[in-house]
Structures are given as structure tokens and as C-alpha cells.
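Down below is the structure, laid out as C-alpha cells.
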Amino acid sequence: MVEVVNVVASGALDVELDLEAVARDLDDVVDYDPEKYPGAYVRFGGDEPLVTLYRTGKYIITGASSEAEAGQLREKFLTLLHRHGIVSAAEDAWFTVQNYVCMADMERSVNLSALAIGLGLEVTEYEPEQFPGLVYRPHDHACVLLVFATGKVVITGAQETESAEAAFAAFRDSIETLLADE
DNA sequence: TACTCGTTTCCTTATATATCTGACATAG
DNA sequence: CTATGTCAGATATATAAGGAAACGAGTA
């Protein structure tokens with residue numbers, strides 16, 4: 001079972017923004033420090049996803065647990081901007097999910113050194129002294145898997161949930177073949 | 001050699017995962 | 001004063017974004 005733990009999405013408004021003015025208008029939710037970073041952070045609540053807004057009108061939503069949650073936050077964000085007259089509804093250009101970060105559990109321990117050899121050294125990276133997880137980049141799936149000795153797996157880089165699920169399913173099948181004796 | 005222009009890298013944010021390190025704290 | 005304990009911060013992964021800095025190459 002693959003569980004989505006983070007969704008990164010981006011979108012654009014067809015207008016250039018004066019972030020200084022936006023930060024003044026929405027002082028209670030906006031955190032803007034151009035000396036530190038060019039984007040303005042919009043936080044509705046400590047537990048809600050983060051919106052990073054740029055001068056160009058583009059924005060990023062990070063920290064949502066589902067595509068639906070990202071979409072709801074986007075609506076909330078756009079409504080806020082409309083209410084303050086910062087943008088009009090017509091200036092809303094596009095919005096897409098860019099990355100799904102998922103978690104899965106094989107519920108068995110894994111010998112990562114053996115797995116690296118089994119999967120092939122050209123598709124894996126395992127340096128336990130640098131990082132305890134094995135990095136697996138399958139050729140036939142557009143995402144990256146981080147495999148841990150405990151059997152926990154992090155799947156990241158997927159543009160769709162289905163792609164993360166397919167990558168994990170294929171990985172779980174190969175694990176059973178490669179490490180059947182352990 | 002000096003300057004310009006294009007490319008590349010880093011920064012920041014979220015999130016799970018696990019391992020080690022360094023900085024503190026508190027107890028004996 | 002030393003022992004153990006706790007906690008935060010790297011380490012690595014993907015991804016968007018804009019700006020700054022660094023860097024290589026080409027020209028005068």
C-alpha cells in the first residue's frame with residue numbers, strides 16, 4: 001500500500017505582482033523577506049500546506065497530503081487574492097501537480113548490500129556511511145525509490161499517484177525474486 | 001589581461017525514511 | 001567532573017519557483 005505524504009504543485013497567475021504591497025495587505029498570512037529568498041510565503045495555518053508566491057505571479061504549493069488538499073488550498077489562496085483585489089478570476093492561468101512523495105512498507109527487513117547487487121549497480125546507490133537508505137532509480141519508471149533496511153520505502157518524483165504505485169509494485173515483485181531466501 | 005555574456009549551481013519549502021554527530025542537559 | 005540522555009541538525013530524494021553568485025568561454 002502506497003500512501004501519499006507530500007504533494008508539490010505549481011500554478012500561475014497571469015499578472016506580475018508587487019510582493020511588497022501583497023505582504024503589506026496580507027500581513028497576517030504573508031512572510032516576505034527578499035534578502036533571504038525571492039518568494040513570499042503564504043501560510044493559512046500551521047498545519048496547512050504552504051504557498052510560495054513569486055513576483056512573476058507563479059506560485060508553488062508544498063506540504064499537501066493529497067491532490068484534493070492541494071486543490072482546496074489553491075482555491076483558498078485564489079479567493080484571498082480576489083477579495084483583496086490583487087488578481088481577478090480571469091488571471092488564473094494553470095495549476096499542476098509536479099511531485100508526489102509517497103511512503104510504503106514491505107513489512108520485512110531488507111539486506112541493502114544484496115539488494116544493490118541484485119538490482120544492479122548502475123541503477124542503485126548505496127553508501128551507508130553517507131546515508132542509510134539505498135537509492136534506486138528504475139529505468140522503466142519515472143520516479144526514485146529510497147529503500148531502508150527496515151523495509152520502509154519512500155517513493156518520490158512521481159507526477160501521478162499511479163506511477164508511484166506501479167513503481168512500488170514492480171519493486172516489491174523484484175525484491176521477492178532477488179531476496180527470496182532471506 | 002579585462003570585460004561581457006551565457007550557463008550552472010545554490011538557496012528555500014514540504015515530506016517520509018534512518019543514521020550519525022555535536023551540543024547541551026541532568027544526574028550521580 | 002564524568003556519565004548517560006535528549007534533541008537538533010546534517011546526510012539523500014524529487015519538484016516547482018526567482019535571484020544571486022560563480023564559472024567557463026569568447027572577444028577586444
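Within every chain, numbering begins at 1; the chains are lettered A, B, ... in the order of the sequence lines, protein sequences first and strands thereafter.
Applying the salt bridge (Lys or Arg N to Asp or Glu O under 4.0 Å) definition to pairs two or more places apart or across chains, those involving residues 42-52 of chain A are A:E48-A:K76. Pairs of residues two or more places apart, or lying in two chains, that qualify as side-chain hydrogen bond (donor to acceptor under 3.5 Å, both in side chains) and include a residue from residues 16-37 of chain A are A:E16-A:R55, A:Y37-A:Y54. Within the structure, every pair that satisfies the ring pair (Phe, Tyr, Trp, His ring centres under 6.0 Å) test and touches residues 76-116 of chain A, not counting sequence neighbours, is listed here: A:Y59-A:F77.
Put simply, CZ on A:F168 and CD on A:E3 are 12.0 Å apart, with the number rounded to the nearest 0.5 Å.
Residues passing the salt bridge (Lys or Arg N to Asp or Glu O under 4.0 Å) test with A:E125, sequence neighbours excluded: A:R137. The side-chain contact (heavy atoms from CB on, under 4.5 Å) search around A:V15 returns A:L13, A:L17, A:V87, A:E91, not counting sequence neighbours. Considering only residues two or more places apart in sequence or on other chains, A:A142 meets the side-chain contact (heavy atoms from CB on, under 4.5 Å) condition with none of them. Annotation: side-chain contact (heavy atoms from CB on, under 4.5 Å) contacts of A:T124 (sequence neighbours excluded): A:A116, A:L119, A:L121, A:L134, A:Y136. Contacts of A:S65 classified as side-chain contact (heavy atoms from CB on, under 4.5 Å), with partners at least two apart in sequence or in another chain: A:E69.
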Can you give each donor-acceptor pair under 3.5 Å made by side-chain atoms of residues 149-156 of chain A, sequence neighbours left out, with the distance rounded to 0.1 Å?
from, atom 1, to, atom 2, distance (Å)
A:T150, OG1, A:K152, N, 3.4

- Item | B/S/- contact track for nucleotides 12-22 of chain B, protein heavy atom under 4.0 Å | BBBBBBBS---
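Put simply, chain A comes within 4.0 Å of DNA chain C, heavy atom to any atom, from C:dT11 to C:dG19, going 5' to 3'.
Rounded to 10 degrees, the angle separating the terminal helix axes of the helix from B:dT1-C:dA28 to B:dG28-C:dC1, each built from five base pairs, is 80°.
Residue A:T56 is classed as a sugar-phosphate contact, given heavy-atom separations below 4.0 Å to backbone atoms only.
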